[in-house]
Amino acid sequence: MDAKSYNAKDSEDQIYKKWEKSGAFSPKVDPKKKSFTISMPPPNATGTLHLGHSIMLAIEDIMIRFKRMQGYSALWLPGTDHAAIATQNKVEKLLAEKGQDRHELGREKFLEEVKKFVANSQATIRNQIRKMGSSCDWSRERYTLDDGLTKAVMTVFVKMYEDGLIYRGNRLVNWCPRCESTLADDEVEHKDIQGHFYHIKYPLKDEKGYIEIATTRPETMLADTAIAVHPKDKRYKKLIGKTAILPLVGREIPIIADEYVDIELGTGALKVTPAHDPNDFELGKKHDLQTINILTENGTLNKEAGKNYEGLDRFEARKKVAADLEEQDFLIKTEDHMHSVGHCYRCSTQIEPFISLQWFIDVNKPVINGKSLKERSIEVIKDGSIKILPSRFNKTYYNWMENLHDWCISRQIWWGHRIPVWYCQECDEEIVATESPNKCKCGSKKLKQDQDTLDTWFSSGLWTFSTLGWPDNKEELEYFHPTSVMETGYDILFFWIARMILMTTYTLGEIPFETVYLHGLIRTKSGEKMSKSKPETCIDPLDMIEKYGADALRLSLVIGSTPGNDTRLYEEKIAGYRNFINKIWNSARYVLMNIEEGDYSVTLEDVLSSDLSRTDKWILTRLDEVVAGVTKNLGKHSISEAGNEIYEFMWGEFCDWYLEMSKVKKNTKVLSYVLKNILILLHPFVPFITEVVWGNLNQKNLLIVETWPKKQKELHFSREKEEVEVVKSVITAIRSLRSESNVDASKKIQAVIHGGRHTELLLEKIEIIKRLANLGELEVSSNDKKMKNSLSAVVKEVGIYLPLEGIIDMNEEKKRLGREVENLQKLLTHIEKKLSNKGFVAKAPKEIIEKEEDRKAGILSDLKKIKEQLKHIS
RNA sequence: GGGCGCUUAGCUCAGUUGGUUAGAGCGUCUGGUUUACACCCAGAAGGUCAUAAGUUCGACUCUUAUAGCGCCCACCA
């Protein structure tokens with residue numbers, strides 16, 4: 001450790017290899033130990049790691065290292081997700097750059113391309129997870145398309161099918177015309193779009209006049225099969241049961257009555273298009289209306305739209321329909337209108353409601369002891385089986401779950417788990433099985449598998465248990481499941497967390513995890529979202545690791561960020577934590593220079609049997625308090641607070657005070673002991689630097705498997721702790737006096753201290769005070785003789801005098817002391833007011849009142865001394 | 001239309017059961033080569049904790065309203 005500064009780049013990769021080789025990442029099933037499990041949220045196999053992954057990895061690694069050191073069998077299971085739509089889109093884009101598309105290639109060849117691509121990005125991701133220092137168990141790495149996981153997916157599908165939860169139906173679904181696939185409700189993103197309201201005349205058949213109707217999607221009129229009005233609407237009452245003529249098309253459509261129609265809204269009359277609007281679809285079913293679909297899968301109009309429109313893109317058709325309506329005098333007016341339109345969450349294409357034959361999961365059917373999937377999913381949060389951090393997300397979760405409709409799980413993309421359903425070409429039998437059947441019960445071998453794949457969230461929903469070997473391996477599952485913590489961004493609460501709860505409570509009859517820890521989004525310094533489309537806003541974690549080290553990046557992500565809240569990240573912040581890492585390095589260098597080889601293996605007993613000074617007892621007491629604090633905070637997942645506490649202790653107390661004091665008189669056992677414990681406490685946060693330093697202390701074991709310290713009664717010296725605080729205050733007061741009065745900082749001056757009841761203590765620490773306050777001479781006595789013409793201060797009943805006549809301006813000093821008196825006086829009045837308040841004395845707890853009384857006594861005494869001193873300034 | 005969050009020093013943020021003279025880092029200012037560290041050390045300036053009312057002996061902390069910013073959910077033609 002010769003270098004003056006720590007170079008993260010030189011050691012991080014090596015340290016990681018050491019850990020990996022040691023087997024520390026791979027816990028065993030050990031009945032003597034408790035298990036602690038985290039399933040790593042699988043990064044999409046579509047590319048590279050970003051800061052969202054970094055914060056996830058940092059938080060989870062802290063949790064896992066902490067528990068591992070506490071003696072748990074701590075499993076952190078890594079893996080990747082095939083991310084069906086996202087991955088397929090990505091590869092399609094790559095193909096497009098070469099001027100190809102998937103239909104040209106065909107299913108087989110296209111899938112080969114995707115596989116290649118995935119293998120590539122998986123390798124990148126693995127490497128990048130390692131760069132963060134993640135202590136996950138690579139021997140148990142999983143991928144959603146592994147054989148084992150695929151078997152789990154098929155098994156669950158069959159089970160749900162047999163329970164009547166999975167059904168196939170012709171329904172109106174969300175359709176992405178670019179992906180040419182369905183989307184689940186929550187995969188649709190609503191965005192406000194500036195559109196228009198088109199007011200259209202619908203002429204009546206048997207009488208003069210027309211009904212005026214407003215719509216934002218005029219092209220859908222081509223598929224209208226009715227007009228609906230409210231039964232109590234006076235304007236339209238007489239028209240109910242009559243017929244209107246559909247403009248441009250000429251079709252006769254009935255005017256029906258339904259209470260669904262809002263009289264106030266628009267014109268109060270509603271065009272009904274069962275095939276292209278969810279509400280109209282319901283109306284259509286209710287009133288037995290004809291359903292006409294005018295769209296094809298890629299969003300162009302089909303022949304049902306009529307010759308004039310067939311083949312047009314939906315937006316072209318909108319323009320043309322509007323123009324034609326206007327030309328034929330059916331268009332009354334067009335007004336601007338902001339409205340919310342659904343978009344595909346993967347490719348941002350506008351969604352169309354579209355009728356098609358799809359597979360669904362029934363979320364309302366009672367199957368778990370009379371409860372439906374959604375009821376059970378709500379219950380496990382309500383009864384506290386699963387805790388969400390922060391808890392305010394409970395409400396969001398309930399709201400989502402309660403409004404959940406049947407989940408559409410089939411997708412028309414190619415990349416993913418093929419739906420395990422085969423159709424007999426001869427008898428129309430539907431065969432559902434985990435493995436490909438070779439013949440139908442009618443004897444026919446002409447079987448055709450369903451063309452669709454499963455929603456990617458179907459397999460992700462099984463992640464906590466499919467990765468542990470279900471349905472085959474029961475041992476690991478029983479030991480490690482339910483997992484302990486699920487840690488992820490709040491943005492996938494619905495997509496993933498909710499799906500895991502739903503799928504796991506159904507399949508296993510138990511919860512997938514006990515605690516959900518939701519971290520926030522990482523934003524830029526000015527609060528913007530970092531987005532790939534704006535590369536200048538993005539910070540690349542790998543660049544930062546290269547520049548400042550993984551430890552610094554980890555701290556910058558974790559300290560000052562709390563669950564559920566977004567946090568801003570910028571380079572200066574990371575640089576600041578790099579400085580802290582360097583501080584660790586240098587304090588360790590100092591300690592190593594000062595201790596003997598024998599101190600490396602120091603034990604608590606060694607420390608207690610050594611000659612402990614007050615300062616030793618002070619730092620040991622503080623260490624013990626910090627051990628308790630950090631342990632408590634990590635225990636309740638207050639990572640930021642835990643990190644802050646050990647950071648402050650390391651830098652602000654151990655380095656700034658204890659090491660400085662040790663330059664006067666040192667106890668090498670305590671130096672070694674405290675450093676080692678700090679390294680242990682810091683290790684979950686900054687694993688690399690702490691392991692490097694640990695290695696320089698010639699330890700038998702790697703730090704990663706060192707035992708986490710416990711609170712020690714023997715290390716609690718409260719009297720000495722208070723005493724050293726007095727010494728520190730005296731030193732700070734002298735420094736402050738010098739600095740405020742512009743005394744040359746390098747000049748060794750003289751000081752006189754009247755120690756009062758602290759005299760013995762201050763006499764013992766006289767060398768320390770001299771050194772830390774840069775004094776040439778120091779006189780400590782118990783008598784309180786007044787010093788003429790000195791700088792003076794009183795702290796904790798100790799009088800401090802710096803005789804500097806001739807050097808300083810005594811008028812200034814007089815003013816300064818005057819201000820001091822004023823401040824104390826104000827404080828005194830404040831406290832006295834409190835103590836004379838009858839309510840306070842009657843109702844406040846005893847300790848609080850005592851504390852106030854002590855403070856009052858201290859202030860009175862200090863005030864008296866300052867006032868006397870003021871008299872001695874001439 | 002429903003739900004939620006944020007507002008604390010110039011900047012970025014802590015402050016978890018109400019008891020402080022409200023903290024940290026960065027930045028600023030003043031000074032410093034001392035058994036490690038200038039990626040350092042010492043000292044200082046800087047806040048009526050968004051506003052208003054309420055509960056309480058006591059409010060940054062609890063309640064209610066207001067304002068500004070932001071997020072999520074929603075099939076209003």
Side-chain angles (χ1 to χ4, degrees), chain A residues 1 4-6 172 185-186 190 197 213-217 228 261-262 264-273 277-282 339-340 342 353 390 392-393 395-396 399-400 403 490-491 493-494 521 525 527 548 552 559-562 564-570 572-573 575-594 633 636 638 640-641 644 647-648 652 655-656 659-660 662-663 666 732 735-740 742-746 771-774 823 826-827 830-831 834 837-845 847-849 851-852 855:
Chain A
M1 294 185 69
K4 279 191 163 194
S5 53
Y6 170 69
L172 199 69
D185 293 340
D186 51 303
H190 293 269
F197 245 144
I213 284 175
T215 178
T216 54
R217 296 188 298 156
V261 180
D262 186 338
E264 306 294 319
L265 212 61
T267 62
L270 177 69
K271 67 195 262 313
V272 184
T273 324
D277 182 279
N279 297 311
D280 296 7
F281 182 74
E282 293 305 317
H339 61 144
S340 168
R392 66 183 140 88
F393 279 97
K395 220 169 170 176
T396 321
N399 185 308
W400 185 84
N403 292 309
Y490 63 73
D491 50 332
L493 180 63
F494 305 136
L521 262 45
K525 187 165 187 181
Y548 303 104
I559 292 189
S561 89
T562 45
N565 295 324
D566 293 353
T567 104
R568 304 184 186 199
L569 185 73
Y570 39 91
E572 302 94 285
K573 202 184 209 172
Y577 287 109
R578 184 268 323 268
N579 297 351
F580 175 63
I581 303 298
N582 195 232
K583 192 73 183 176
I584 301 173
W585 174 258
N586 273 296
S587 56
R589 283 208 315 147
Y590 171 82
V591 172
L592 278 166
M593 279 176 189
N594 280 285
N633 279 319
K636 55 180 186 171
S638 295
S640 175
E641 263 195 86
N644 230 354
Y647 177 103
E648 291 296 334
C655 290
D656 290 348
L659 292 189
E660 290 308 319
S662 81
K663 289 173 184 175
K666 62 178 180 270
T732 304
R735 286 168 171 172
S736 178
L737 275 181
R738 301 176 56 127
S739 173
E740 272 181 59
N742 293 320
V743 178
D744 181 357
S746 58
R771 185 187 170 89
L772 298 197
N774 200 22
N823 282 341
K826 249 192 237 163
L827 190 55
H830 175 75
I831 294 172
K834 229 187 218 184
N837 182 332
K838 275 185 207 154
F840 177 75
V841 181
K843 291 183 180 169
E847 317 88 76
I848 301 289
I849 297 172
K851 211 171 101 189
E852 293 298 330
R855 278 173 72 200

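Per chain, numbering begins at 1; letters A, B, ... match sequence-line order.
- Rounded to whole Å, the separation between the P atoms of B/U51 and B/A67 comes to 16 Å.
- A gap of 34 Å separates the C1' atoms of B/C13 and B/G1, to the nearest Å.
- To the nearest whole angstrom, the two P atoms, one in B/A45 and one in B/A22, are 13 Å apart.
- Nucleic acid contact for A/K851: sugar-phosphate only, since backbone atoms but no base atoms lie under 4.0 Å from a heavy atom of the residue.
- Nucleic acid contact class of A/G576 (heavy atoms, under 4.0 Å, all strands): none.
- A/K663 comes within 4.0 angstrom of a base, heavy atoms only.
- Contact annotation for A/F494: backbone-only contact, meaning every heavy-atom pair under 4.0 Å involves sugar-phosphate atoms and none involves a base.
- B/A67 is paired with B/U7 under the criterion used here, namely a Watson-Crick or G-U wobble arrangement in which both key atom distances are under 3.5 Å.
- No donor-acceptor contact under 3.5 angstrom links the side chains of A/T396 and A/Y490, judged on distance only.
- Using a 4.0 Å heavy-atom cutoff across all strands shown, A/D656 reaches sugar-phosphate atoms only and no base atom.
- Note on A/S640: nothing from the nucleic acid sits closer than 4.0 angstrom, heavy atoms only.
- Between chain A and RNA chain B, the heavy-atom contact criterion of under 4.0 Å yields a 5' to 3' nucleotide range of B/G3 to B/A77.
- Nucleic acid contact class of A/S561 (heavy atoms, under 4.0 Å, all strands): none.
- Counting any heavy atom pair closer than 4.0 Å across all strands shown, A/K838 reaches no nucleic acid atom.
- Going from the C1' atom of B/C57 to that of B/A74 covers 48 Å, rounded to whole Å.
- For the pair A/P353 and A/D277, the minimum side-chain heavy-atom distance is 4.5 Å or more.
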Could you walk me through whether A/R217 and A/T273 pass the side-chain contact (heavy atoms from CB on, under 4.5 Å) check? CA-CA 11 Å; A/R217 296 188 298 156; A/T273 324; over 6 Å; no

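- Contacts of A/P353 with the nucleic acid, taken as non-hydrogen atoms under 4.0 Å apart, are absent.
- Nucleotides B/C60 and B/A50 are separated by 12 Å at their C1' atoms, to the nearest Å.
- Heavy-atom distances to RNA chain B give each of A/L827 and A/L265 a nearest nucleotide, and the one nearer the 5′ end belongs to A/L827.
- In this structure, B/C62 and B/G54 make a Watson-Crick or G-U wobble pair, each of the two defining distances being under 3.5 angstrom.
- Among the heavy atoms of the strands, none lies under 4.0 Å from A/R217.
- Residue order along RNA chain B, read from the 5' end via each residue's closest nucleotide, puts A/A575 first among A/A575 and A/N837.
- Counting heavy atoms from C-beta on, the side chains of A/K663 and A/N594 never come closer than 4.5 Å.
- Side chains of A/Y548 and A/Y577 form no contact here, defined as non-hydrogen atoms less than 4.5 Å apart.
- Heavy atoms of A/Y577 sit nowhere under 4.0 angstrom from any nucleic acid atom.
- By the side chain to side chain contact (heavy atoms under 4.5 Å, CB included) test, A/D186 pairs with A/A184, A/W400, A/F495, A/R499, sequence neighbours left out.
- The nearest pair of heavy atoms linking A/S561 to A/T567 is CB-CG2, 3.0 Å.
- The shortest side-chain heavy-atom distance between A/N586 and A/Y6 does not fall under the 4.5 Å cut-off.
- Contact annotation for A/A844: base contact, defined as any heavy-atom pair under 4.0 Å involving a base atom.
- Shown here, B/U35 forms no base pair; nothing in the strands shown gives a Watson-Crick or G-U wobble contact with both key distances under 3.5 Å.
- In this structure, A/R735 reaches the sugar-phosphate backbone alone: every heavy-atom distance under 4.0 Å involves primed, P, OP1 or OP2 atoms, never a base.
- Using a 4.0 Å heavy-atom cutoff across all strands shown, A/K573 reaches sugar-phosphate atoms only and no base atom.
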